[in-house]
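Just so we're clear, the structure is a prediction, and the values are computed from it rather than from any experiment.
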Amino acid sequence: MADLPQARLAVYSPPFTHTGLDFFGPYEVAVGRRVEKRWGMLATCLTIRAIHIEVVHTLSTDSCIMAIRNFIARRGTPRMIYTDRGTNFIGASRQMKEAAQAVNTDEVMKEFITSDTNWSFNPPLAPHMGGSWERLIGSVKRNLQAIKPPRNPKDEVLRNLLIEVENIINSRPLTHVPVDDDCAPALTPNHFLLGSSNGIKPFTTVDDSSAFLRQNILASQVLANRFWRRWLSDYLPEITKRSKWFDKTESIKISDVVVVVDNKLPRNCWPKGKVIEVHPSKDGEVRSATVRTNFGIYVRAATKLAVLDVGRDACKPA
């Protein structure tokens, strides 16, 4: 099993420094006497596992850009944005794919790539690489079903429901009861966003003196550092456990003959091709590769490529 990516271990980084984005929906809302569709944009901090939800009125390029700008205005500018590639960025359902035709993902990406922000796409047809946000989208949907919203709520009702669900998910425990203090509460994403699990802040006497303000700033920094120390001691050991894949296997190499796994086709119709380029990750393991087939050139995750022994056996000495 590979090491966790750097985005999951960005110690002491502000929330949403490394952000995963995806869309979900649609949901029908009542606008006057007509019914319109709305979508949700979920941004998740890959380090502290907090989420932020924006309501998107249409799946157009402009709406996507505005939703991301709204997120940045309230949560800060990410250093790195991670999404699925192509239409997977907008979701997997049929309705989402049809609506996504109006979205120019290249234009959305260019809008936010700056000297401070980079954009990273996962390989096509590799939803497991976006599991960090796919799992949380499932949690959002389950919480919405549990709340049982009206059949066609108004816009403001849907927005309120999604914000309530956002707070519920950000209040979920990331850890068990701390080892060193049984009385301390379990660590949650809201501890990093709000200072407590439910957002309750202690009452303080109003004082605008410089000494009082300096004291409060130092106190907040001490509190933030305490949360990060708990993140290191309680949460990090949980996500770095290794339970399988101890045996090293041979990586995909250039000139390997492979079968491209395509769930849309019968198994005996999967295209065969030759690897013309490999894309290793920072740990040296090949996570995706470029394959030339009779139908074109594709980039696919290593999990979607089945290597045939024909090419490798031919290269082995007798």
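The two residues Ile169 and Leu136 have their closest heavy-atom pair at CG2-CD2, 4.1 Å.
For Phe16, the ring pair (Phe, Tyr, Trp, His ring centres under 6.0 Å) test picks out Phe71, with sequence neighbours left out. Residues passing the side-chain contact (heavy atoms from CB on, under 4.5 Å) test with Ile113, sequence neighbours excluded: Met109, Trp119. Partners of His18 under the ring pair (Phe, Tyr, Trp, His ring centres under 6.0 Å) rule, at least two apart in sequence or in another chain, do not exist in this structure. Residues satisfying the side-chain contact (heavy atoms from CB on, under 4.5 Å) criterion with Ile276, sequence neighbours excluded, are Thr290, Arg292, Ile297. Residues satisfying the side-chain contact (heavy atoms from CB on, under 4.5 Å) test with Tyr298, not counting sequence neighbours, are Thr293, Phe295, Arg300. For Thr19, there are no side chain to side chain donor-acceptor pair (under 3.5 Å) partners two or more places apart in sequence or in a different chain. With sequence neighbours left out, the side-chain contact (heavy atoms from CB on, under 4.5 Å) criterion links Arg135 to no other residue. In this view, Ser288 satisfies the side chain to side chain donor-acceptor pair (under 3.5 Å) rule with no residue, not counting sequence neighbours. With sequence neighbours left out, the side chain to side chain donor-acceptor pair (under 3.5 Å) criterion links Arg172 to no other residue. Annotation: side chain to side chain donor-acceptor pair (under 3.5 Å) contacts of Ser139 (sequence neighbours excluded): Arg142.
For the pair Asn170 (side chain) and Ile51 (backbone), a donor-acceptor distance under 3.5 Å is present. Between the Glu28 side chain and the Val35 main chain, no donor and acceptor come within less than 3.5 Å of each other. Between the side chain of Trp270 and the backbone N or O of Val260 there is no donor-acceptor pair closer than 3.5 Å.
The salt bridge (charged side-chain N to carboxylate O under 4.0 Å, His left out) analysis of residues 150-165, with sequence neighbours excluded, yields the pairs Arg38-Asp155. Every pair passing salt bridge (charged side-chain N to carboxylate O under 4.0 Å, His left out) that includes a residue from residues 42-61 is listed here, sequence neighbours excluded: Glu54-Arg74.
With hydrogens and angles left out, the side-chain atoms of Thr77 and Thr117 include no donor and acceptor closer than 3.5 Å.
Atom CZ of Arg79 sits in a sparse spot, with 12 or fewer heavy atoms from other residues, nucleotides or ligands closer than 6.0 Å.
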